[in-house]
Amino acid sequence: MTLSEQITEAFGTRAADRLTLPGDGVVAVILAFNEALRFPHFLKHYRALGVRHFIVVDNMSNDGTAALLDGQADISVIRTANPYRDYKSVWRQLICDRYLQDRWVVFPDVDELLVYPGWPDLSIDAFAGYLDQGGYRALFTPMVDMYPEGPLKDLSYRAGDSFQDACPWFDGGGYRYNPLKGSHGKRYRTPARHVFGGTRERLFHQQAKRPANALDRLLLSTVFSLHARAPETRPGRKFDHLLFKLVKNALPSPAAVQSKVPLLKWQGGTVFSGGVHGIDRQVTVAPDWGVLLHFKYLDDFRSKVAEALARKQHTDNAGHYLDYNSRMDGLMEEGLRYPGSVRFTGTDALIACGLMRESDAMKRWRKQAAGT
């Protein structure tokens, strides 16, 4: 089957094989369903970064998303009725194989805002230039859940409002940095480790096979802490997995992965692990970390969870959404903030918590670029 035939089959329309894109600049590839509330600020953020074009795969939204996106010169929309659950990885791969070979591509969800060292002054094109100069082909990013100061019932977010103003708080601790369990970690070789924990495990996904012991606490606070370094060699990775076997049964299962590889210089045939949490080949990942600020907890949280449970298009038949639903009344009445919450004031707040990293090389590059 030719690439054009694969595209037509995966999207159910030939329109996906007939897009016209600019010849340069960073392109965003987005999968969306019913995101009219978030799209205005999302687009404002990524346009401010300097994203040149947006390819939106609209999975038959019925909330006005299509009308909102229609007629915007820097947006190409592909509408498809094919199930997200079966095609989410394939859609991204085919679009990139068809149009974006050896170009920088960003893969955000509509509730995610990418930030990185130097933001907001450093454009995404300039940042990609730094990555090119270093020989890097990917950026690793923790996903940081953002939430409001008070109960969700008191939030009155309106389309176009700043996400950060509505939800300026995040968990400053409670994260870990470890390899994936089982065959999934072997199949998807980049990144070597993922981030877990934070808000998700503080509030929702907490069930483990056994209580943590002293060895677990030692390893999690040292070897698998957020400030640790992932091994780069094959023997190092094997030893990392062996160490992780000692603690894995004391950790929540299934655990929600809180990291992605959302900025890639595309290589044809790359396969994602469903979402953009991992890829099937080893590529050179920058030592610097960006962050995806994740704005799930707006005042539509209840309806979004109900929608996900009804559609069953997410991982494990939207199993994690059952956990969200079980805590819904408490979140609506009490909110998510706790004594360990940190207010987002810029990238320095993320760096201080270990959620963002800036290498010495990037610090030097930024000084040179600024002429200081």
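Computed from heavy atoms alone, side chains included, the values below leave out hydrogens, waters and symmetry copies.
Placement of Tyr46 and Leu122 within a single hydrophobic cluster is found when ILVMFWY residues are connected by side-chain heavy-atom separations under 4.5 Å, directly or transitively. Criterion: ILVMFWY side-chain heavy atoms under 4.5 Å apart, direct or through other members. Under it, Tyr177 and Leu251 are not part of a common hydrophobic cluster. Transitive grouping of hydrophobic side chains (ILVMFWY, heavy atoms separated by less than 4.5 Å) keeps Val77 and Met60 in distinct clusters. In terms of hydrophobic clustering, with Ile, Leu, Val, Met, Phe, Trp and Tyr side chains grouped at heavy-atom distances under 4.5 Å, Phe33 and Ile55 are assigned to different clusters. With hydrophobic clusters built from ILVMFWY side chains whose heavy atoms lie under 4.5 angstrom apart, Val261 shares a cluster with Val90.
Residues Thr80 and Val57 form a side-chain contact, since some pair of their non-hydrogen atoms from C-beta on lies under 4.5 Å apart. Counting only heavy atoms from C-beta outward, the side chains of Asp154 and Asp299 never approach each other to under 4.5 Å. Here the side chains of Gln258 and Glu201 are not in contact, with every heavy-atom distance at 4.5 Å or above. The shortest distance between side-chain heavy atoms of Lys367 and Arg364 does not fall below 4.5 Å. Residues Arg176 and Leu226 are not in side-chain contact: their nearest non-hydrogen atoms beyond the backbone lie 4.5 Å or more apart. Using a 4.5 Å cut-off on side-chain heavy atoms (C-beta onward), Thr270 and Asp97 make no contact. Val195 is not listed as a side-chain neighbour of Val257, based on a closest heavy-atom distance of 4.5 Å or more. Taking 4.5 Å as the limit, every side-chain heavy atom of Leu155 sits out of range of all side-chain heavy atoms of Phe301.
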Worksheet item: Is there a side-chain contact (heavy atoms from CB on, under 4.5 Å) between Asp171 and Val342 once you walk through the steps?
Response: CA-CA 6 Å; Asp171 280 21; Val342 174; over 6 Å; no

Practice prompt. Go through the steps for Arg302 and Tyr324 under the test side-chain hydrogen bond (donor to acceptor under 3.5 Å, both in side chains), then give the verdict.
Written response: CA-CA 9 Å; Arg302 185 189 292 274; Tyr324 301 144; over 6 Å; no

Worksheet item: Going through the distances and angles, do Phe163 and Phe42 end up as a ring pair (Phe, Tyr, Trp, His ring centres under 6.0 Å)?
Response: CA-CA 8 Å; Phe163 290 174; Phe42 170 90; 7.9 Å; no

Item to complete: Evaluate the criterion side-chain contact (heavy atoms from CB on, under 4.5 Å) for residue pair Val105 and Val26; output intermediate values, then yes/no.
Response: CA-CA 6 Å; Val105 188; Val26 177; over 6 Å; no

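Aromatic rings from Phe107 and Phe272 are positioned such that their centres are separated by under 6.0 Å. Aromatic rings from Phe224 and Phe244 are positioned such that their centres are separated by under 6.0 Å. Two rings, from Tyr175 and Phe196, have their centers 6.0 Å or more apart.
A donor-acceptor pair shorter than 3.5 Å can be found between the side chains of Trp104 and Asp132. No hydrogens or angles considered: nothing links the side chains of Asp300 and Ser303 as a donor-acceptor pair under 3.5 Å. With 3.5 Å as the limit, one finds no donor-acceptor pair spanning the side chains of Tyr116 and Arg357. Remark: the Thr65 side chain and the Asp63 side chain contain an N/O donor-acceptor pair separated by less than 3.5 Å. Between His41 and Gln164, the side chains place a donor N or O and an acceptor N or O closer than 3.5 Å (distance only, hydrogens not considered). In summary, the side chains of Gln267 and Asp102 do not present any donor paired with an acceptor at a separation below 3.5 Å, with no hydrogens or angles considered. Remark: the His53 side chain and the Asp74 side chain contain no N/O donor-acceptor pair separated by less than 3.5 Å.
Of the possible donor and acceptor atoms, none in the side chain of Thr347 sits under 3.5 Å from a partner among the backbone N and O of Pro117. No donor-acceptor pair under 3.5 Å is formed between the side chain of Asp109 and the backbone N or O of Glu112. The backbone N or O of His294 lies less than 3.5 Å from no partner atom in the side chain of Asp111, so there is not a single donor-acceptor pair. When atom types are taken as modelled, the side chain of Thr141 and the backbone of Val291 share no donor-acceptor pair closer than 3.5 angstrom. Within the 3.5 Å criterion, the main-chain N or O of Gly268 finds a donor-acceptor partner in the side chain of Gln101. Remark: side-chain polar atoms of Tyr157 are not paired, donor with acceptor, to backbone N or O of Ala166 under 3.5 angstrom. No donor-acceptor pair closer than 3.5 Å links the side chain of Asp280 to the backbone N or O of Arg187. Here the side chain of Asp161 pairs a donor or acceptor atom with the backbone of Arg158 at under 3.5 angstrom. The main-chain N or O of Thr2 is found under 3.5 Å from a side-chain atom of Glu5 such that the two form a donor-acceptor pair. Side chain of Asp216 to main chain of Asn213: a donor-acceptor pair is present (N/O by atom type, distance under 3.5 Å, no hydrogens or angles).
Around CZ of Arg210, the count of heavy atoms belonging to other residues, nucleotides or ligands within 6.0 Å exceeds 12. When the shell of 6.0 Å around OH of Tyr338 is examined, it contains more than 12 heavy atoms from other residues, nucleotides or ligands. Atom CD of Glu232 is surrounded by 12 or fewer heavy atoms from other residues, nucleotides or ligands within 6.0 Å. For Gln207, the CD atom sits in a loose shell: 12 or fewer heavy atoms of surrounding residues, nucleotides or ligands are nearer than 6.0 Å.
The minimum heavy-atom distance linking Tyr99 with Asp17 is given by the pair OH-C, 3.0 Å. When all heavy atoms are compared, the tightest approach of Gln93 to Val271 is OE1-CG2, 3.6 Å. Scanning both residues, Leu68 and Ala36, for their nearest heavy atoms gives CD2-O, 3.9 Å. The minimum heavy-atom distance linking Ala286 with Leu131 is given by the pair CB-CD2, 3.6 Å. In terms of heavy-atom proximity, Ala126 sits nearest to Trp365 at O-CH2, 3.4 Å. Minimum interatomic distance between Ala32 and Val110 (heavy atoms only, all atoms of both residues): CB-CG2, 4.1 Å.
The structure places CG of Leu220 at 9.5 Å from OG of Ser225, a figure rounded to the nearest 0.5 Å. Between atom CG of residue Asp70 and atom CD1 of residue Ile75 there is a gap of 9.5 Å, rounded to the nearest 0.5 Å. Interatomic distance, NZ of Lys304 versus CG of Leu298, reported as 10.0 Å (0.5 Å rounding). If you take CZ on Phe204 and CG on Asn325, they are separated by 10.5 Å, rounding to the nearest 0.5 Å. In this structure, CD1 on Ile95 lies 10.0 Å from CH2 on Trp266, to the nearest 0.5 angstrom. Taken to the nearest 0.5 Å, the CZ atom of Arg327 stands 8.0 Å off from the CD atom of Glu334.
Grouping Ile, Leu, Val, Met, Phe, Trp and Tyr by side-chain contacts under 4.5 Å, direct or through others, leaves Leu218 on its own.
The aromatic rings of Trp119 and Phe344 lie tilted to each other, with the angle between the two planes from 30° to 60°. Tyr130 and Tyr136 have tilted rings, their planes meeting at an angle from 30° to 60° on a 0 to 90° scale.
With Asp360 as the partner, the side chain to side chain contact (heavy atoms under 4.5 Å, CB included) test is satisfied by one option alone out of Glu358, Met362, Lys363: Lys363.
Geometrically, Arg337 does not engage Tyr147 in a cation-pi contact defined by less than 6.0 Å to the ring centre and at most 45° from the axis.
Ionic pairing of Asp145 and Lys296 is not present here: no N-O contact between side-chain nitrogen and carboxylate oxygen is shorter than 4.0 angstrom.
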